Q: 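Just passing along the structure, written as structure tokens.
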Amino acid sequence: MAVNLTNYRQVQEKLQPFHAQLVAVSKTKPAGSIQALYDAGQRIFGENYVQEMVEKEGLLPKDIQWHFIGHLQSNKVKYIAPFVSMVHGVDSLKLLQEINKQAAKNGRVIDCLLQVHIATEETKFGLNEAELNALLENAAGLPNVRIAGLMGMASNTDDLAQVRREFRQLKALQVAVADRFFKGTDTFRELSMGMSGDFEIALEEGSTLVRIGSLLFGARNYA
């Protein structure tokens with residue numbers, strides 16, 4: 001199987017001092033590759049596509065924590081609500097309400113991260129600071145979702161100083177949101193940022209969840 005266990009162990013060693021967790025991004029990769037990484041000790045896997053995630057969940061061990069890290073459409077929440085551990089990219093109140101509705105139907109509470117737009121590219125999804133605050137002001141009374149933190153993607157650039165600034169901006173926003181909306185609780189503590197090319201910077205700037213795919217599974221084949 002095309003799994004780089006040497007890279008996996010090196011990534012885990014780099015995460016340990018920061019007490020961060022690895023989300024192994026397994027989109028487009030076969031169940032056998034996921035199983036190989038599972039056998040090496042990995043338990044959190046991230047998927048971008050609902051149908052693919054549902055199919056893999058049916059084939060693989062039940063103690064896997066499935067994180068949905070793509071752009072989730074409200075009409076597809078029902079398919080992953082029975083088992084998903086965390087949704088990383090919540091960028092609207094409508095989506096949060098639908099996750100709450102479907103979680104309630106399944107007798108579950110689903111952890112959610114609110115996606116913030118920190119990159120320069122317009123193509124990336126996410127809330128700005130005003131939209132984030134407005135969503136949080138209207139998110140009360142949703143007992144079947146737990147807003148666990150923030151998620152963001154840095155600009156796709158070779159300017160690592162810019163990447164660091166964007167990660168630092170997201171961490172500062174997390175601290176401000178925690179102080180305003182989650183004072184006295186410890187539930188709002190996750191910060192999902194950093195991928196294969198920039199996760200070490202993300203760790204230094206406060207990431208608690210890094211989303212790494214190509215370092216572990218190799219390049220993706222979209223053909």
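Note that this is a predicted model, so its numbers are computed, not measured.
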Q: Report the C-alpha distance between His71 and Asp91 in whole Å, list the side-chain angles of each, state the deciding distance to 0.1 Å, and finish with yes or no for side-chain contact (heavy atoms from CB on, under 4.5 Å).
A: CA-CA 9 Å; His71 184 66; Asp91 60 358; 3.2 Å; yes
Q: Would you indicate whether the side-chain heavy atoms of Ile201 and Met193 approach each other to under 4.5 Å?
A: no
Q: Do Leu136 and Val177 come within less than 4.5 Å of each other through their side chains, counting heavy atoms only?
A: yes
Q: Can you name the nearest heavy-atom pair linking Gly206 to Leu191, along with the distance?
A: O-CD2, 3.7 Å
Q: With a 4.5 Å cut-off on side-chain heavy atoms, are Val90 and Gln115 touching?
A: no
Q: Identify, with sequence neighbours excluded, every residue that meets ring-ring contact (aromatic ring centres under 6.0 Å, His included) alongside Phe182.
A: Phe188
Q: For the OG atom of Ser85 and the CD1 atom of Ile110, what is their distance to the nearest 0.5 Å?
A: 9.0 Å
Q: Where is the tightest heavy-atom contact between Ser155 and Val163, given as atom of each residue plus distance?
A: O-CG2, 4.0 Å
Q: Taking only residues two or more places apart in sequence, or in another chain, which ones meet Glu129 in a salt bridge (charged side-chain N to carboxylate O under 4.0 Å, His left out)?
A: none
Q: Do you see a donor-acceptor pair shorter than 3.5 Å between the side chains of Gln21 and Thr208?
A: no
Q: Answer yes or no: is there a side-chain heavy-atom contact under 4.5 Å between Phe45 and His67?
A: no
Q: Ignoring hydrogens and angles, tell me if any N or O in the side chain of Ser207 forms a donor-acceptor pair with the backbone of Ser192 under 3.5 Å.
A: no
Q: Is there a path of hydrophobic side-chain contacts, each under 4.5 Å between heavy atoms of I, L, V, M, F, W or Y residues, that connects Leu135 with Val175?
A: no
Q: Is there side-chain contact between Asn4 and Leu215, with heavy atoms separated by less than 4.5 Å?
A: no
Q: The test is side-chain contact (heavy atoms from CB on, under 4.5 Å); show your working for Glu47 and Ile34 and say whether it passes.
A: CA-CA 11 Å; Glu47 291 284 334; Ile34 298 172; 4.0 Å; yes
Q: Which atom names give the shortest non-hydrogen contact between Ala103 and Ala81, and what distance separates them?
A: N-CB, 4.4 Å
Q: Indicate yes or no: at least one non-hydrogen side-chain atom of Asp198 is less than 4.5 angstrom from one of Leu160.
A: no
Q: If you look at every heavy atom in Pro143 and Val109, which pair is closest and at what distance?
A: O-CG2, 3.8 Å
Q: Is atom CG of Asp158 surrounded by more than 12 heavy atoms (other residues, nucleotides or ligands) closer than 6.0 Å?
A: no
Q: Between Ile147 and Phe181, is a side-chain contact (heavy atoms from CB on, under 4.5 Å) present by the stated rule, with each step listed?
A: CA-CA 10 Å; Ile147 300 176; Phe181 294 99; over 6 Å; no
Q: Determine, stepwise, if the pair Val54 / Val50 fulfils side-chain contact (heavy atoms from CB on, under 4.5 Å).
A: CA-CA 6 Å; Val54 170; Val50 168; 4.3 Å; yes
Q: State which residues pass side chain to side chain contact (heavy atoms under 4.5 Å, CB included) with Glu57; sequence neighbours excluded, sorted by chain then number.
A: Lys62, Trp66, Phe83
Q: Identify whether the distance between the nearest side-chain nitrogen and carboxylate oxygen of Glu98 and Lys78 falls below 4.0 Å.
A: no
Q: So which of Leu127, Ile118, Leu173 actually passes side chain to side chain contact (heavy atoms under 4.5 Å, CB included) with Leu150?
A: Leu173
Q: Less than 4.5 Å apart, side chain to side chain, heavy atoms only: is that true for Lys101 and Val77?
A: no
Q: Apply the test side-chain hydrogen bond (donor to acceptor under 3.5 Å, both in side chains) to residues Gln162 and Glu166: give CA-CA distance (whole Å), side-chain angles for both, the deciding distance (0.1 Å), then the verdict.
A: CA-CA 6 Å; Gln162 179 181 338; Glu166 290 169 356; 3.0 Å; yes
Q: Got a salt bridge between Lys56 and Glu52, using NZ or NE/NH1/NH2 to carboxylate O under 4.0 Å?
A: yes
Q: Please list, chain by chain and in numerical order, all residues satisfying side chain to side chain contact (heavy atoms under 4.5 Å, CB included) with Gln35, sequence neighbours excluded.
A: Tyr38, Asp39, Leu60, Pro61
Q: State the CE-CE distance between Met86 and Met151, to the nearest 0.5 angstrom.
A: 11.5 Å
Q: Any chance you could measure Arg164, atom CZ, to Glu205, atom CD, to the nearest 0.5 Å?
A: 5.0 Å
Q: Using modelled atom types and a 3.5 Å cut-off, is there a donor and acceptor pairing between side-chain atoms of Ser92 and backbone atoms of Leu95?
A: yes
Q: Could you check whether atom CD of Glu204 has more than 12 heavy atoms from other residues, nucleotides or ligands sitting under 6.0 Å from it?
A: yes
Q: Name all residues meeting the side-chain hydrogen bond (donor to acceptor under 3.5 Å, both in side chains) criterion together with Gln174; count only those two or more places apart in sequence or in a different chain, and write none if there are none.
A: Lys171
Q: To the nearest 0.5 Å, how far apart are CZ in Arg108 and CG in Asn144?
A: 10.0 Å
Q: How about Gln12 and Leu22: do any of their side-chain heavy atoms sit closer than 4.5 Å?
A: yes
Q: Can you name the nearest heavy-atom pair linking Ser214 to Ser196, along with the distance?
A: OG-OG, 3.3 Å
Q: Over all heavy atoms of both residues, which pair between Ala202 and Gly194 is shortest? Give the atoms and the distance, please.
A: CB-CA, 3.5 Å
Q: Could you point out which residue of Val25, Leu37, Asn7 forms a side chain to side chain contact (heavy atoms under 4.5 Å, CB included) with Phe217?
A: Leu37
Q: Which residues satisfy the salt bridge (charged side-chain N to carboxylate O under 4.0 Å, His left out) test with Glu131, sequence neighbours excluded?
A: none
Q: So does Glu137 pair up with Arg180, basic N to acidic O under 4.0 Å?
A: yes
Q: With side chain to side chain contact (heavy atoms under 4.5 Å, CB included) as the test, pick out the partner of Gln65 among Val84, Val23, Ile44.
A: Ile44
Q: Measuring from Ile99:CD1 to Arg146:CZ, what's the distance to the nearest 0.5 Å?
A: 13.5 Å
Q: For the atom pair NE2 (His117) and CG (Leu132), what is the distance rounded to the nearest 0.5 Å?
A: 14.0 Å
